[in-house]
Every structure is written in structure tokens, then in C-alpha cells.
Amino acid sequence: MSEQTTHPTTTPAARSGPDTDQTTERASSFSLDIDRRNVRDAVRGYLDRLRSGEPGALPSVLGLLVLGVIFYLVSDRFLSANNIGNLPGQGAYIAIIALGLVFVLLLGEIDLAAGTTGGICAGAAAQALASHGLRHGIPGAGALYWIVIVAMVAAAGLGFYLRAITGPVIVLIGVVITLTGLDSRPVFAIIFAVALGAAVGIFSGWLVASVGIPSFIVTLALFLAWQGLLLFLLNSQPIGTNGYPLWYGLAHDNMSPFWSWVFTIAVVGGYLAYTIFKSLRAQAKGLAADTMQLVLVRGLLIAVVAIVITALANQNRNTNQFKVINGLPWALTIPVMLMIVCTIALTKTTWGRHLFATGGNAEAARRAGIDVVHIKVTAFTICSAFGALGGVFLASNTGGAQLDLGSGNILLFAVAAAVIGGTSLFGGRGRPRDAIIGALVIVIIPNGIGLRPSLPASYQNLITGAVLLVAAAVDALSRRRSASR
Amino acid sequence: MADPILEVRGLNKSFGPVHVLHDVDLTVYPGQVTALVGDNGAGKSTLVKTIAGINSLDSGEILFEGAPVTISDPSDAAKLGIEFVYQDLALADNLDITQNMFLGREIRRFGFMADGEMERKARETLTGLSVRTVSSVRQVVANLSGGQRQTVAIAKAVLWNSRIVFLDEPTAALGVAQTRQVLDLVRRLADQGLGVLLISHNMNDVMEVADRVVALYLGRVAAEVETKNSSVTEIVELITTGRSGNLGLAPATANESI
Ligand SMILES: Nc1ncnc2c1ncn2[C@@H]1O[C@H](COP(=O)(O)OP(=O)(O)OP(=O)(O)O)[C@@H](O)[C@H]1O
Ligand SMILES: [Mg+2]
């Protein structure tokens, strides 16, 4: 897929249409930078961008609304607080795997193994808890433990050699955790799972970026291999995780109403403060910026939605009266926090900029002095580490490490989530936000169908497939429009 | 005339048994456009790549402001203030103009990118080059015309207080109006005191924008002429036969090369 990262339509010859220069001539001298964008311009600009092939979040949000209406007609329980409150727990693992995939998709690569990597990582963590620390040996496959340790140390060394730092350090932390037996405690077992994921990512990133095997093949091989490895790790016995409150809580527990408000106020307040500050400073310095009006309208919209959601979430939503369920689910707040961190990493750091550049034109990135191999390895490392965390959330949601944990359609659903959200498979275009919105679309389909027992489950994949196709068609059509301009 | 900013003396370059460049001398003056012309395969790109440090040189020396320098990779050249605009431009289409101009050399504050500062500098650079065809430095490069893309690539090269800019066929894929813009830009670079080396196959462009012309014939410098004392016919003759009147390679050398 990396061969297609260069947009086919952007060769100079294809772009030098007869009237291009007159129009730009009239626009002249940064006129767009000097005029401040107010709400009307922003709306018009947004419509222009829609028409010119950057639909942004619109298709996925529209899709979400349409599906919401359909399922409301299917069952009035769909919009009940209880049901909505369950959605994050059911979809967090897809959101997290998709978040990681965004980094790889931005490069125009793919990681088919993110799901099964999550399987082996969560499986190893579950085994660590069940057998009171992995260092006692994996039941039925004692030597496997040392193979895993050697592989992790080797992956860390490889990571350092490829000039990565954070990834290999996390891998080594994981090694220390398991060698000291800390992995018999849930928190550390989960950290170990993430470290194991990072090790896998360094390895597959190296195979793709340095050895030069197409990522499709590398990760297809791992997708298959990890399904076998998982059986060894679990000694062919599913391991339940509901007995560990922390693990169970990831997909089922909520923040207290107080902390829910703290979370919402911190996120919304931080967003407002940042955008307002940025707009003020940019205007003071004469930079391209949105007007205060636009910043406020957008910020208030987000604030209102967030506050309404928090207020509703803080009501008791349990249908049985003996236990109160309220607050924002951890399965919502953790992915949102990860999304914020990912967004900052991608848009505010040079590493993120270089990742976009590599995905847009690897040759240009190389000539600009960017270490393309390093960028690719780090992206795969992040993807696999997020896959591992996704596997942990999946196990939490389904009650434990099953023998097929992370396999099947899971990875494909995560890819679909990223694409439905607006991330391009050709590289260079995508946002962490896409993963979250797309995952919501993916998860409400089985949820909605499940509410009407008379509807066969076979509708689930049918509808998901149709939604994905529509999303991909929107993407393709808008790109073709932007190409034919 | 000012002192040369870059001098190449007696440069030889072979690829295995193929001797591509023979004792090439080349001088670039600040404030002047030096055109490098020659037929396909004459060795123009090889010469530029050798100066850029992409190819190693077999013998000969490179003087920067009179002092000998060794350039073993493109970053050495960048440190001296020598920038190269390759024909295939190498811009990331999904990034905007500012982001492309600063790619690989982003300005940072407290570990994060200083986008505002980069945007301001990008605009200053484009303004300094009297570029009027770009409406926003926040425009994505994919949406630019060929001429605008070329402009961005050139602006990127001069952003870094560069002293010399090498341009490999910057107008090859452009229409009439856009060629005009790029040639004007090339001229302005020289007027601002940079040394400019322009590779081109278009003799009209060369006559119009260049101060001096170096004609390469089968890896040898056939002649170096001033455009105001020369003509298209003479230069074309130098390119195709290696000599013109009493200018150029001695008949023996010219024939021997073939
Ligand atoms: N890496 C290489 N290995 C072997 N021969 C090479 C190599 N690079 C260039 N050459 C040879 O050197 C000669 C000069 O090539 P060069 O690309 O410099 O020509 P040019 O003057 O730039 O031509 P054009 O106008 O077509 O761009 C050619 O005969 C070419 O085959
Ligand atoms: Mg050439």
C-alpha cells in the first residue's frame, strides 16, 4: 500500500489547469490569511472543503444519527440511559485498537495483527494473574516464558538500535515487571500486556521499515501466528478476568459523579482555554486564525454536548432499583483521554508532523532529513501497544481471555471504524478523533440489533458492511472530486 | 565582478569504467544566475549531485568563498547554505505550505512546534520573494498549481539564509504563465545576492534569466559565455557539437570524446 501514498493527481502537469493561476492571482498575497474567519466564512469554508474532498467528521456523524434514528424505531429501549451507558463498555476495545491503527494507516500501511496482538497480550496478562506471576512458568509450556523474555529484550535492543526510545523503555519495564513477579497484580499485569504489545510492534515495524516486507504480509503472518501462540499462553484453557475488580471495571465501572464532572470540566475547559488563547495570540500576531466568534460557537457546542452527556450519565441508569449505576464509564473517559494525547502527539510534535509527511510523500520526508525508518517503527509500536490495551478492554467486556481472544472480525471492525471516521487507507490523512466516532458507529449496530430479539444477528455484519461501503464511497467520491478540479 | 561564492576545479567523476565528468570547472557568483546547459546525458545532474554530496568525487576540489570544503552528504551542503531544488520537487501533498517549507527543520518551543512562528516566517519569505500567487500559507500543497508548487519548493530552499540555490529544470513541466512566474522568482533570488545555478533545456529561458552560461559537452565544459555577448545559435552549437567558431573544445578533444 505504501506505493500508493503519493496522490496520483498531484503531479505538476495534472494541476496546471488553464484558469488556476488567474483565480489565485486575484486572491493574491495571503488574502485568506489576513481576513479573519468568522462563523459564516467557516461554514462556507467547510462546505467548500466538503465539496473538494475533505468531508471531515460529517459523514460519520451523519451516519451515527441515521443509525440512531433507525434503532430508535427498532426498539425504544435503544435511547434509554441504561443502553447508551453500556455502549462505551461494548465499544472501547474497538476504539482503542482503531486509535492505534490511525498511526499506521497515516503511513499508508496496515496492521492486520493489532487484534490478535491484543489477544496474546491480554492472554499473557490473564495467565500471569491466574498463575500468580508468569515467572513461575506458563502452565503446559514452561520454556515459552523464557522465549517471551528473550524476545522482549531483543525487541527492546532492536528498538534502541532503530533510534526509538519510549517504546523499548516500556518493553524493558514490562520485562522487569514480570521478572520481579509484580505481574501477579492486575495493574502491573496490564502494564506488562502493553509492554508485550510494544515489543511486537517494534518487531513488525522493523520487518516493514528496515527489512522491507509489505506490512500487509508481515501483519497477516502475525495475525495467524498469534492465534496459535495464544493457545500456548492460555494452556488451551480460557481464563476469566471478572474476579479482578480493576480488570472487570475497565469495561463495566464508572467514574463517580464528582470525578465525572471534574473530567468533563477539565477536558472542555482545557479545550476552550487552548482554542481561545490560540485565537487571541494569533490575531495579535497577525497569523491565520479563526475569529473569536467561531471559536466560541464551536467551543460552546462541544461544551453543551459534553455537559449534557455528563449530567445524564450522572443520573442513576440502573433498571433495577437495588443498585445505583451512574457516572461516566471508564470505557468512555480512557479512550477520550488517549485520543487527546494522540491528537497532541500528532499535531503538536515534530514527530507527528514527520509521520504525516512520511505518509504523504516518503521520498520528500527522506530528503528533508527525516528518519523514515524510525517513524515507521514508532508508528507500529504504538499501534501494537494500543492493540494490547484494546485486548485488555475486550477481555474485560467479554469476561476473560477466551481461546480466540482478539481474532475474527475484530481487527477488521477496527479498520472499518477508522475509515468510517474519515481516515484514509492511502496514508497521509486521518485523525485520532476518527477512531472514536467510527467505533461508536461500529458498536451501535450490534447493540441496536440485539435490542430486538426477533431480528437475527446476521443483520449485524450485513449492516456494518453496508455502512463501511457507504463511508468508503463518500471518501472515494470526494477524493475523485478533489482530483478532477 | 564580485568574488565567486562557489568554485569547482578539475572535477572528475567516473561510474566504474564510464568517465562521466572530465576536469570540470564551474564558478558560481553571488547575485548572478549561472545556467548549466548540455544535451541529455552530458552530465549536468551528475555534476549537481556530486556537489550536493550525493555522489562522491574522484578528483578535483570545491571551494566555498575561496576556502576548500568537503561535502560528503546533503546536510554538509545545507550547513554551508547550499540548497537544491530537484526536478521532482519532493513536497508532501497532505501538508500545507508552511509545514512543507519547514519540514525536517521545524521550529520548536518547549518541545512543541511553534506553528505561529513558522507561519510568520513562511509568509515573510514568500513576501520577500514577491510571491503574489499564493493566497494562504495554510493552503494544502495538493491544491496548488504546478507553478505554485515550484514556488514553494524554491521558497523552501531559500528559507534557510541559503547562499546558493541549485535548480534542476524548474520549469520543465510548467505552462507559459507559470514558467514566467518561476523565471521571475529565479531572477529575484539572484537580485537578492544569492548565487543561483539553473539547469535548463530551454534556451529562451536561459538567455532571458541567466547572466552566464556554462555549456557541458559529453562531460567536459565546452565553454563559458556571458549571455549578453552570446546568442541562442552559439549556445546551441556548443551544446550539440562542443564548439562554435573559435569557442569551445579543440576539434581533436571534441571528436575524441565521441
Ligand atoms: N549512478 C550512475 N551510474 C552509472 N552511470 C551514471 C550514473 N548516473 C549517471 N550516469 C551516466 O552519466 C551520464 C550523465 O548523466 P546525467 O544524468 O548527469 O545527465 P544530464 O546532463 O543530467 O542529462 P539530462 O539532461 O537528460 O538530465 C549519463 O551517460 C548517465 O548514464
Ligand atoms: Mg539531468
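Letters A, B, ... mirror the listed sequences (proteins, then strands); counts begin at 1. Any value given below was found using the heavy atoms of this structure, including those in side chains, with hydrogens, waters and symmetry copies removed.
Remark: Asp93(B) CG to Asn361(A) CG distance equals 6.5 Å, nearest 0.5 Å. Rounding to the nearest 0.5 angstrom, the gap separating the CG atom in Leu287(A) from the CZ atom in Arg138(B) is 8.0 Å. One finds the CE atom of Met113(B) at 3.5 Å from the CZ atom of Arg353(A) (value rounded to the nearest 0.5 Å). Distance check, rounded to the nearest 0.5 Å: NZ of Lys348(A) to CZ of Phe110(B) gives 14.5 Å.
When every heavy atom of Ala364(A) is checked against every heavy atom of Ala92(B), the shortest pair comes out as CB-N, 4.1 Å.
Contact annotation: the side chain of Arg429(A) never approaches that of Asn94(B) to less than 4.5 Å [non-hydrogen atoms, C-beta and beyond]. Looking only at side-chain heavy atoms (C-beta outward), His354(A) and Glu106(B) come within less than 4.5 Å of each other.
No other option in Ala368(A), Gly352(A), Ala365(A) has as many heavy-atom pairs under 4.5 Å with chain B as Ala368(A). Ranked by non-hydrogen atom pairs under 4.5 Å with chain B, the options Thr350(A), Thr349(A), Ile370(A), Thr347(A) are led by Thr350(A).
Only the side chain of Asp115(B) comes within contact range of chain A, with heavy atoms under 4.5 Å apart. The contact between Leu103(B) and chain A is made by backbone and side chain atoms together, counting heavy-atom distances below 4.5 Å.
At most 12 non-hydrogen atoms from other residues, nucleotides or ligands lie less than 6.0 angstrom from CZ of Arg108(B). Surrounding CZ of Phe112(B) are at most 12 heavy atoms belonging to other residues, nucleotides or ligands under 6.0 Å away.
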